[in-house]
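Okay, so here's the structure we're looking at.
All figures in this text were calculated on a predicted structure; none of them were measured in a lab.
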Amino acid sequence: MEKDRILIKAGRVIDPANKVDDTLDILIEDSRIAKVSKIIEDEAGKIINAEGKLIMPGLVDMHVHLREPGREDKETICSATKAALRGGVTSLLRA
């Protein structure tokens, strides 16, 4: 069975834990990072041009008010989590 492969090209990778801040390519195989390098030449099923984009670990919002129940006119859990995801936030901590 052939692996699902995604190649992300020329994104600015920022990874403070590993002291990385560089323009790199990332090869993903079966939802896992298989290789990170300056230039990756690969016949991936999908190629994403990330030039001018930031690639970094998911962000954590340490203090959110989801307003549900009771203030759904301001925000719902669904609208808040969609907005967070769009901004690169992968984890929310509810206050």
Original post:
Taking only residues two or more places apart in sequence or in another chain, which ones pass side chain to side chain contact (heavy atoms under 4.5 Å, CB included) with S37?
Top reply: K35, I40
Original post:
Counting only heavy atoms not in K46, do more than 12 sit closer than 6.0 Å to its NZ atom?
Top reply: no
Subject >> Heavy-atom neighbours of I39 CD1 exceed 12 at 6.0 Å >> reply: no
Original post:
Where is the tightest heavy-atom contact between E51 and N49, given as atom of each residue plus distance?
Top reply: N-OD1, 3.0 Å
Original post:
What heavy-atom pair brings R67 and E75 nearest, and what distance separates the two atoms?
Top reply: CB-O, 3.5 Å
Original post:
Do E72 side-chain atoms and G70 backbone N/O form a donor-acceptor pair below 3.5 Å?
Top reply: yes
Original post:
Is there a donor-acceptor pair under 3.5 Å between the side chain of D30 and the backbone N or O of D4?
Top reply: yes
**OP:** Give the other cluster members for I28, using side-chain heavy-atom distances under 4.5 Å between Ile, Leu, Val, Met, Phe, Trp and Tyr residues; answer none if it is isolated.
**Re:** I6, I8, V13, V20, L24, I26, I33, V36, I48, I55
Please report, to 0.1 Å, the donor-acceptor pairs under 3.5 Å made by any side chain of residues 76-85, with sequence neighbours excluded.
| residue | atom | partner | partner atom | Å |
| --- | --- | --- | --- | --- |
| T76 | OG1 | C78 | N | 3.4 |
| T76 | OG1 | S79 | N | 3.0 |
| T76 | OG1 | S79 | OG | 3.3 |
| S79 | OG | T76 | N | 2.9 |
| S79 | OG | T76 | O | 3.2 |
| T81 | OG1 | I77 | O | 2.9 |
| T81 | OG1 | C78 | O | 3.2 |

What is the distance from atom [atom1] of [X] to atom [atom2] of [Y], rounded to the nearest 0.5 Å?
{"X": "I14", "Y": "D21", "atom1": "CD1", "atom2": "CG", "result": "5.0 Å"}
{"X": "L7", "Y": "E43", "atom1": "CG", "atom2": "CD", "result": "10.0 Å"}
{"X": "D25", "Y": "D42", "atom1": "CG", "atom2": "CG", "result": "10.0 Å"}

